[in-house]
Protein chains: 2
Amino acid sequence: MKSAQETLVPTTPHVEGDEDIGEIRNIVGFHIRLAHGAVYRHFSETFAALDLTQKQVSVLWLVDDHPNIAQTGLAQRMRMDRATTMAIINRLEGRGLLVRGRSPDDGRKQTLNLTDSGRAMLGTAKVAIAEHENWLKARFTDAEVAHLIELLTRIHE
Amino acid sequence: MKSAQETLVPTTPHVEGDEDIGEIRNIVGFHIRLAHGAVYRHFSETFAALDLTQKQVSVLWLVDDHPNIAQTGLAQRMRMDRATTMAIINRLEGRGLLVRGRSPDDGRKQTLNLTDSGRAMLGTAKVAIAEHENWLKARFTDAEVAHLIELLTRIHE
DNA sequence: CGGATATTGTATGTTGTACCGACAATGACC
DNA sequence: GGTCATTGTCGGTACAACATACAATATCCG
């Protein structure tokens with residue numbers, strides 16, 4: 001743990017020009033938002049043909065990895081509330097990619113499982129994800145990727 | 001630059017438990033999305049009293065740093081399209097935080113400038129940002145912050 | 001046991017953001 | 001002077017996050 005920072009030390013060189021963003025460039029949150037936007041845009045392009053969003057792919061993936069998972073389990077892992085989770089589940093169920101079932105041990109819960117169609121879609125999606133990840137990782141070494149993930153994990157864990 | 005990765009090497013230890021997310025934990029994009037979500041949530045809490053979003057604060061900040069900036073200049077710096085930029089400008093103008101003016105040298109462009117109210121709001125916002133950033137940076141050393149910004153910059157630049 | 005409390009899924013509505021296509025006004029270029 | 005590009009605007013669509021309220025079910029405890 002470090003002490004509170006009294007002064008903002010420039011962490012990136014200040015280059016005057018069209019792209020200059022001023023002192024806001026030292027705000028970590030700003031860079032996370034820009035990076036997220038860039039990744040989101042490339043993801044959307046990569047998945048335009050499949051008509052799937054980041055969230056939808058993540059849900060398919062997690063349901064495949066955790067058969068019979070309940071919506072709350074999904075919500076915890078993805079840091080979403082129940083209402084948001086349900087909206088995504090509704091969309092995926094409407095497209096026939098997953099099904100809701102009754103949980104045998106808890107009448108409140110519902111089991112989530114992929115359909116054959118959902119599994120096929122996930123298989124295709126994983127190929128696209130690999131392509132997307134390669135685009136993202138192309139600018140880093142393996143060590144940098146590991147370090148980036150470790151730093152990001154400290155934020156969201 | 002590195003060669004294409006043929007195999008996915010686990011970059012984070014796999015801990016079984018309630019929070020396990022399976023193999024998706026090795027996807028960089030997934031961590032960026034989660035980190036962005038966590039930062040966004042904390043930002044929203046910090047700014048609930050001011051009723052400002054990340055984007056709105058960023059726009060206020062950038063307009064203050066670049067008086068008479070046009071909407072396209074703002075859009076470039078924030079990686080938004082013109083329509084999205086206008087929606088945010090409309091909201092801020094509606095609240096009397098900034099004003100549009102005619103550009104003297106280009107009839108197509110409009111100048112953007114903060115009002116006194118907008119400058120006061122930005123001042124308050126910067127205090128909240130400092131608090132938010134300290135929350136974010138508390139888990140890192142200065143060197144790690146600098147490294148994180150550098151890595152993120154490679155993504156969004 | 002039975003009543004309070006918690007959990008889970010659902011329904012509904014609001015907000016913010018992002019994108020698209022189309023359009024008018026203006027400027028730039030040849 | 002006539003294209004062509006740029007800028008701002010507008011309308012529509014989509015997604016996600018959140019809040020609130022509600023019903024059904026589980027759990028806990030006196």
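Side chains are part of it too, since the values below use all heavy atoms of this structure and drop only hydrogens, waters and symmetry mates.
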Partners meeting side-chain contact (heavy atoms from CB on, under 4.5 Å) with [X] (sequence neighbours left out):
| X | result |
| --- | --- |
| B/R41 | A/R79, B/A38 |
| B/M80 | B/K55, B/M78, B/T84, B/T85, B/I88 |
| B/R95 | B/D51, B/L52, B/Q56, B/L97, B/M121 |
| A/T124 | A/L50 |

Which whole-number value in Å describes the distance from [X] [atom1] to [N] [atom2]?
| X | N | atom1 | atom2 | result |
| --- | --- | --- | --- | --- |
| B/I69 | D/dG8 | CD1 | C1' | 15 Å |
| A/Q76 | C/dG9 | CD | C1' | 14 Å |
| B/M78 | C/dG16 | CE | P | 15 Å |
| B/L74 | C/dA18 | CG | P | 12 Å |
| A/D81 | D/dT20 | CG | P | 12 Å |
| A/Y40 | D/dA17 | OH | C1' | 13 Å |
| B/R102 | D/dG8 | CZ | C1' | 11 Å |
| A/L34 | C/dT17 | CG | C1' | 15 Å |

For a quick check of understanding: with a heavy-atom distance under 4.0 Å over all strands, which category does [X] fall into, base, sugar-phosphate or nothing?
| X | answer |
| --- | --- |
| A/R41 | sugar-phosphate |
| B/T84 | base |
| B/A70 | sugar-phosphate |
| B/R100 | sugar-phosphate |

Same apolar cluster: A/M86 and A/L62, side chain cutoff 4.5 Å: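 No, separate clusters.
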
Bending between helix ends of the helix from C/dC1-D/dG30 to C/dC30-D/dG1 [5 pairs per end, 10° resolution]: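 About 30° separates the two local helix axes.
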
Shortest non-hydrogen contact between A/F140 and A/L148, atoms and distance: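 Looks like CE1-CD2, 3.9 Å.
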
Exercise: identify the closest heavy-atom pair between B/V63 and B/L112: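 Looking at all heavy atoms of both residues, the shortest contact is CG1-O, 3.7 Å.
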
Contacts of A/F43 that satisfy ring-ring contact (aromatic ring centres under 6.0 Å, His included) - sequence neighbours left out: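 For A/F43 the ring-ring contact (aromatic ring centres under 6.0 Å, His included) partners, ignoring immediate neighbours, are A/F47, A/H132.
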
With sequence neighbours excluded, residues passing side-chain hydrogen bond (donor to acceptor under 3.5 Å, both in side chains) with A/Q110: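 Residues passing side-chain hydrogen bond (donor to acceptor under 3.5 Å, both in side chains) with A/Q110: none at all.
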
Any residue meeting side-chain hydrogen bond (donor to acceptor under 3.5 Å, both in side chains) with B/D105, in chain and number order, not counting sequence neighbours: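 Testing B/D105 for side-chain hydrogen bond (donor to acceptor under 3.5 Å, both in side chains), a comparison that skips the adjacent residues, returns B/S103.
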
Sidechain-backbone polar pair: A/H156 side chain, B/H36 backbone, donor-acceptor under 3.5 Å: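 Here the side-chain-to-backbone pair does not exist.
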
Heavy-atom donor-acceptor pair, A/R139 side chain to B/I155 backbone, under 3.5 Å: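 Checked: pair present.
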
Any pair counted as salt bridge (charged side-chain N to carboxylate O under 4.0 Å, His left out), so long as it reaches residues 112-129 of chain B, sequence neighbours left out: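 For residues 112-129 of chain B: A/E23-B/K126, B/D116-B/R119.
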
Within residues 103-111 of chain B, residues whose heavy atoms come under 4.0 Å of DNA chain D: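 Nucleic-acid contacts, sorted: B/R108, B/K109, B/Q110.
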
DNA chain D-proximal residues of residues 42-54 of chain B, any heavy atom under 4.0 Å: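 Per residue number, the list is empty: none.
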
5'-most by nearest nucleotide on DNA chain C - A/I89 or B/K55: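 In this pair, the answer is A/I89.
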
Pair A/N113-A/N68, side chain to side chain contact (heavy atoms under 4.5 Å, CB included): steps then yes or no: CA-CA 6 Å; A/N113 284 286; A/N68 296 321; 2.7 Å; yes

Provide a list of protein-nucleic acid N or O atom pairs under 3.5 angstrom, restricted to nucleotides 10-14 of chain D.
none

Presence of A/Q71 side-chain N/O under 4.0 Å of C/dT10 phosphate oxygens OP1/OP2: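 Looking at the OP1 and OP2 atoms of C/dT10, one of them is under 4.0 Å from a side-chain N or O of A/Q71.
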
